[in-house]
Structures are given as structure tokens and as C-alpha cells.
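Before any comments, here is the structure.
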Amino acid sequence: MNIADLRKSYEKAELSESASHADPLQQFDQWLQEAIHSEVPEPNAMTLATVGPDLRPSTRVVLIKGFDERGIVWYTNYHSRKGRELAGNPFAALQFHWVELERVVRIEGVVDKVSDEESDAYFHSRPLDSRIGAWASPQSEVIEGRSVLVANAAKYGAQFLLRPPRPPHWGGYRLRPEQWQFWQGRKSRLHDRLRYTAQAEGGWLRERLAP
């Protein structure tokens, strides 16, 4: 089949100014809860885009671990490519794509590390294998083979037993949204697309964008 012939008609729902929240965080919370209750695959998965010093963008999928009026939180290795790029350029973008609901949420803003207390609390809530894995994986570095990870996991498992501490190179980030976009697929490619932009005096400007 010719890939150019693949098409889908989007007809599940609509997104209007009158039926959407004035606060994008409330709109996001509603859509995320609907994605969870609809049992879409990994509703908490989001694409994170960063830009390196060479101005080349890169993306990867991470998992949201919390959100509130302060921003969107995830956890990772600070020495990874995304960590290094965020250290040099704190501007980033996130995207959720809930295919079954024909919805996309895009978020842009500035990223900061969360506090050590927040990182510690989340790290110690993780399964033991995941905590050992944070020590075992030199994320984004070239390794000779999977045996390196297995050996590292065995080494740190024996060293820390049931109480691995949080690695100093591992913790959380929080993106503070400056702009949100909510996209709802519609028939004939006339999709609904609402943008929320943070205002200097507080609050959000909600605007409809052409799809």
C-alpha cells in the first residue's frame, strides 16, 4: 500500500471556546483524565523536544509524573542528552498524542530541576529494579553491549541491596508552561485548535488557530 494513501477521518469529538476551560491546566487535566479512563495505551507518555548547542532539535518519549500550577514534571538522568541540552538551553516543548481520542496537546515553556526533596521522594517510591537501573545505565553513552547494563545492575544491586540512594545524576525536571495548544481532530481536516498564551499581567489569552 502506498503510504501517501493512508487517511483517516476524524469524527469523535469537537473543541469549542464555549465548552473549553479558560485555564489550560484545567483543560489538560480534563483531557488527561478522559485519556486514562478511556484506557488508551500509556496516556502518561509525552514527547519531549530539546535543542542542543548546535541548534539541532532532538525528541524522545518520557512519562509525566506530576502536574500542577507550577508545571509538568518528569524524571530522568541529568547526564543524558536531554539533560545536557536542557543545561545549555532551558527552553523545551512537550507533546501528548492520544490517538484513540484524536487529540494532541502541545506545551512550550522553560524547564527547571525540581527540588532534591521532590526527587528523593519520587525516587524512593519506584520499584527496586528501577532504582537500581538508575545507577546501572549511563544513559545516552555508548556501551559495548547489554552485558554492561547487566553487570552494572548486579554490581549496584550487591552494593546497595534493598536501599539504593538516589544517584546524584538522577532527578526531576519541571516545565513551566508559557503556551499550550489543544488539538481535536475534525472531519474534512477542519480540525479544532485552541492556543493559550500566558499574559504578563497574569491569566491566559485563548485564541483559535487555523488547522
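Worth saying up front: this structure is predicted, and the values here are computed from it rather than measured.
- By the side-chain hydrogen bond (donor to acceptor under 3.5 Å, both in side chains) test, Ser9 is found to be paired with Glu11, residues two or more places apart in sequence or in another chain being considered.
- Annotation: Leu161, atom CG; neighbour count of heavy atoms from other residues, nucleotides and ligands within 6.0 Å is above 12.
- Defined by atom type and a distance below 3.5 Å, a donor-acceptor pair is present between the side-chain atoms of Glu34 and Gln30.
- Within the 6.0 Å centre-distance limit, the rings of Phe28 and Phe96 are counted as a close aromatic pair.
- Leu48 is not listed as a side-chain neighbour of Val61, based on a closest heavy-atom distance of 4.5 Å or more.
- For the residue pair Arg193 and Gln181, a side-chain donor N or O sits within less than 3.5 Å of a side-chain acceptor on the partner.
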Evaluate the side-chain contact (heavy atoms from CB on, under 4.5 Å) criterion for residues Leu194 and Leu209: first the C-alpha distance (whole Å), next the side-chain angles of each, then the deciding distance (0.1 Å), finally the verdict.
CA-CA 6 Å; Leu194 297 184; Leu209 302 181; over 6 Å; no

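- Side-chain contact check for Gln179 versus Ile107: every heavy-atom pair is 4.5 Å or farther apart.
- Side-chain contacts under 4.5 Å among hydrophobic residues (ILVMFWY), followed directly or transitively, place Ile143 together with Val148, Leu149.
- Shown here for Arg166 and Gly171, the closest heavy-atom pair between the two residues is NH1-CA, 4.2 Å.
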Hey, mind stepping through Met46 and Leu63 against side-chain contact (heavy atoms from CB on, under 4.5 Å) and telling me if it holds?
CA-CA 6 Å; Met46 57 186 184; Leu63 301 179; over 6 Å; no

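- Residues satisfying the ring-ring contact (aromatic ring centres under 6.0 Å, His included) criterion with His79, sequence neighbours excluded, are His169.
- Arg163 places none of its side-chain heavy atoms less than 4.5 Å from the side chain of Arg131.
- Taking the side chain to side chain contact (heavy atoms under 4.5 Å, CB included) definition, one finds that Asn2 meets it with Ala4, Asp5, sequence neighbours left out.
- In the hydrophobic cluster analysis, where Ile, Leu, Val, Met, Phe, Trp and Tyr join through side-chain heavy atoms closer than 4.5 angstrom, Tyr122 is grouped apart from Tyr173.
- Seen from the ring of Tyr78, Lys113 counts as a face-on cation partner, given the 6.0 Å and 45° thresholds.
- Annotation: side chain to side chain contact (heavy atoms under 4.5 Å, CB included) contacts of Ala153 (sequence neighbours excluded): Ile132, Ala136.
- You'll find the side chain of Trp135 reaches within 4.5 Å of the side chain of Pro165, heavy atoms only.
- Lys12 pairs by the side-chain hydrogen bond (donor to acceptor under 3.5 Å, both in side chains) definition with nothing, not counting sequence neighbours.
- Side-chain atoms of His97 and Val99, non-hydrogen and from C-beta on, do get closer than 4.5 Å to each other.
- Aromatic rings from Trp183 and Tyr10 are positioned such that their centres are separated by under 6.0 Å.
- Residues Leu94 and Val51 are members of separate hydrophobic clusters, defined by side-chain heavy-atom contacts under 4.5 angstrom among Ile, Leu, Val, Met, Phe, Trp and Tyr.
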With side-chain contact (heavy atoms from CB on, under 4.5 Å) as the criterion, how do Val114 and Val73 come out once you've worked through the C-alpha distance, each side chain's angles and the decisive distance to 0.1 Å?
CA-CA 8 Å; Val114 306; Val73 174; 4.1 Å; yes

Run the salt bridge (charged side-chain N to carboxylate O under 4.0 Å, His left out) check on Glu17 and Arg208 step by step: do they pass?
CA-CA 8 Å; Glu17 291 83 346; Arg208 176 172 290 266; 2.9 Å; yes

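- Remark: His124 engages no residue in a side-chain hydrogen bond (donor to acceptor under 3.5 Å, both in side chains) (not counting sequence neighbours).
- Minimum interatomic distance between Pro57 and Arg81 (heavy atoms only, all atoms of both residues): O-NH2, 4.3 Å.
- For Asp112, the side-chain hydrogen bond (donor to acceptor under 3.5 Å, both in side chains) test picks out Arg176, with sequence neighbours left out.
- In terms of heavy-atom proximity, Trp180 sits nearest to Pro177 at NE1-CB, 3.3 Å.
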For side-chain contact (heavy atoms from CB on, under 4.5 Å), just list the numbers for Glu178 and Thr197, CA-CA rounded to whole Å, side-chain angles, deciding distance to a tenth of an Å, and then say yes or no.
CA-CA 6 Å; Glu178 297 176 338; Thr197 305; over 6 Å; no

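- Grouping Ile, Leu, Val, Met, Phe, Trp and Tyr by side-chain contacts under 4.5 Å, direct or through others, puts Val110 with Phe91.
- With contacts defined as side-chain heavy-atom distances shorter than 4.5 Å, the pair Thr76/Gln139 qualifies.
- With 3.5 Å as the limit, one finds no donor-acceptor pair spanning the side chains of His191 and Gln184.
- Residue pairs meeting the side chain to side chain donor-acceptor pair (under 3.5 Å) criterion with at least one partner in residues 143-158, sequence neighbours excluded, are absent.
- For Trp31, the ring-ring contact (aromatic ring centres under 6.0 Å, His included) criterion is met by Phe182, not counting sequence neighbours.
- Under the 4.5 Å side-chain criterion, counting only non-hydrogen atoms from C-beta, Leu32 is in contact with Phe67.
- Linking Ile, Leu, Val, Met, Phe, Trp and Tyr residues whenever their side-chain heavy atoms come within less than 4.5 Å places Ile72 and Ile36 in a single cluster.
- A heavy-atom distance below 4.5 Å is found between the side chains of Gln27 and Leu15.
- Judged as a side chain to side chain donor-acceptor pair (under 3.5 Å), the pairs with a partner in residues 36-50 (not counting sequence neighbours) are, in order, Thr50-Ser58, Thr50-Arg60, Thr50-Glu85.
- In this structure, Lys8 places its NZ atom where more than 12 heavy-atom neighbours from other residues, nucleotides or ligands lie under 6.0 Å away.
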